[in-house]
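See structure below.
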Amino acid sequence: MQQIFNFVIRNKTFLLFLLLFSIALALTIQSHSYHRSKFINSANFLTGGVYGTMNSVDQYFNLKTENNTLAEENKRLREQLLNLNVQTDSTFIDSTNTKGKYKVTIADVYKNSYALPNNILTIDKGKNDSIKEDFGVITSNGIIGIIDNTSNNYATVLSILNAKSRINAKLKTSNHIGSLTWDSKSPNFVQLEDVSQYAPVKIGDTIETGGQSSIFPKGIGIGSISSFESDISGDTYTIQVKLFNDMTNLGTIYILENLNRPEIINLENSSNE
């Protein structure tokens, strides 16, 4: 307290000047409409700037929540789209059947490799989230790979950038099918092999999933044709496919569960016996 008194005594002249100046300024603003309007405009500008900055800071710290909300919305829309495509592929649609064929789960990539011959991703969903082997994994841009192994809280994904990967794919324009592989060279390109020489292959055309498996539905994007060449036999093409996904930069992904897969597997196994 004594220090406060000493400060006031030392600066009494300056403090008195500030007091008188403030009183004079207040009287001037009160008695003149022009000065009053200028003061109000300046105050509004200052408070508006402060509130704008505070709002920007608040939005920045809420980005994670907003991203999670957006991911959930994308998940619901993608699930509806997948199941709508399945229904419209049928000749008969039962309007009372509300159970979809595909279930979508959101996950985040915990670890990603893309420079090895056999690349694996780790994601933060596992058995506790009902994730199992052979579930498909995609992003909003296209396919990523297939669930390879699971623990309680995590799972590994066999990336499409894996020499062991084989995925059924087709030309969007003609439905000619082939097998999607990777030559272990560039993380931006994969190869579509065994495409018939009668297929109308054009640079820039889209490659998508063929739907001839119980893992991925038909029509999930993969990439576009960058080049192609005939195989030695001359009967088929090998197509270079530029991926829609940037496999070196993956964040939120979507896991696809085909709810009819157990029935399909049981039927195939019984037919092979």
Side-chain angles (χ1 to χ4, degrees), residues 107-126 131-151 154-172 174 176-197 199 201-256:
D108 288 322
V109 175
Y110 180 77
K111 183 180 179 181
N112 178 26
S113 67
Y114 50 83
L116 303 173
N118 296 308
N119 293 294
I120 297 291
L121 293 81
T122 304
I123 60 175
D124 63 350
K125 290 290 190 296
I131 304 303
K132 299 177 182 178
E133 294 179 8
D134 293 328
F135 284 9
V137 180
I138 66 173
T139 69
S140 298
N141 294 323
I143 68 170
I144 293 297
I146 300 171
I147 298 293
D148 180 56
N149 202 357
T150 59
S151 63
Y154 295 91
T156 55
V157 179
L158 185 73
S159 170
I160 57 174
L161 302 183
N162 191 306
K164 300 178 182 178
S165 175
R166 295 289 186 277
I167 295 175
N168 172 256
K170 69 180 183 68
L171 278 69
K172 182 177 181 179
S174 66
H176 283 83
I177 63 171
S179 180
L180 196 73
T181 63
W182 188 50
D183 60 8
S184 304
K185 294 180 180 178
S186 170
N188 299 316
F189 293 89
V190 293
Q191 292 70 47
L192 184 62
E193 299 179 342
D194 301 326
V195 178
S196 170
Q197 64 170 339
V201 181
K202 295 181 181 179
I203 292 176
D205 282 355
T206 297
I207 303 298
E208 59 185 19
T209 52
Q212 296 185 5
S213 76
S214 57
I215 297 176
F216 292 106
K218 181 172 67 176
I220 302 295
I222 298 173
S224 60
I225 298 175
S226 64
S227 64
F228 60 94
E229 61 182 3
S230 295
D231 294 328
I232 297 176
S233 64
D235 296 328
T236 58
Y237 290 119
T238 294
I239 298 173
Q240 293 290 327
V241 182
K242 188 178 190 309
L243 294 171
F244 290 145
N245 274 311
D246 180 359
M247 296 296 292
T248 68
N249 183 23
L250 298 174
T252 300
I253 54 95
Y254 302 96
I255 305 168
L256 306 183

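Computation of the quantities below employed the complete heavy-atom set of this structure, encompassing side-chain atoms and omitting hydrogens, waters and symmetry-equivalent molecules. Source: prediction; values computed, not measured.
- Separation of atoms CZ (Phe244) and OG1 (Thr139) is listed at 11.0 Å; rounding is to 0.5 Å.
- Within the structure, no pair that satisfies the salt bridge (Lys or Arg N to Asp or Glu O under 4.0 Å) test touches residues 225-244, not counting sequence neighbours.
- No side-chain heavy atom of Ile146 sits under 4.5 Å from any side-chain heavy atom of Val137.
- Contact check for Ile220 versus Ile143: side-chain heavy atoms found under the 4.5 Å cut-off.
- With sequence neighbours left out, the salt bridge (Lys or Arg N to Asp or Glu O under 4.0 Å) criterion links Asp134 to Arg261.
- For Asn119, the side chain to side chain donor-acceptor pair (under 3.5 Å) test picks out Ser113, with sequence neighbours left out.
- Listed by chain and number, the residues in a side chain to side chain donor-acceptor pair (under 3.5 Å) with Gln191 are Asp183, Gln240 (sequence neighbours excluded).
- Not counting sequence neighbours, the partners of Tyr110 by the ring pair (Phe, Tyr, Trp, His ring centres under 6.0 Å) test are Tyr154.
- Residues passing the side-chain contact (heavy atoms from CB on, under 4.5 Å) test with Ser230, sequence neighbours excluded: Tyr237.
- For Ser184, there are no side chain to side chain donor-acceptor pair (under 3.5 Å) partners at least two apart in sequence or on another chain.
- The salt bridge (Lys or Arg N to Asp or Glu O under 4.0 Å) test applied to Glu208 returns Lys170, not counting sequence neighbours.
- Residues meeting the side chain to side chain donor-acceptor pair (under 3.5 Å) test with Ser224, sequence neighbours left out: none.
- Screening residues 201-222 for ring pair (Phe, Tyr, Trp, His ring centres under 6.0 Å), with sequence neighbours left out, gives no hits.
- For Tyr114, the side-chain contact (heavy atoms from CB on, under 4.5 Å) test picks out Asn112, Leu161, Pro187, Thr248, with sequence neighbours left out.
- Under the side-chain contact (heavy atoms from CB on, under 4.5 Å) criterion, Lys164 pairs with Asn118, Asn162, not counting sequence neighbours.
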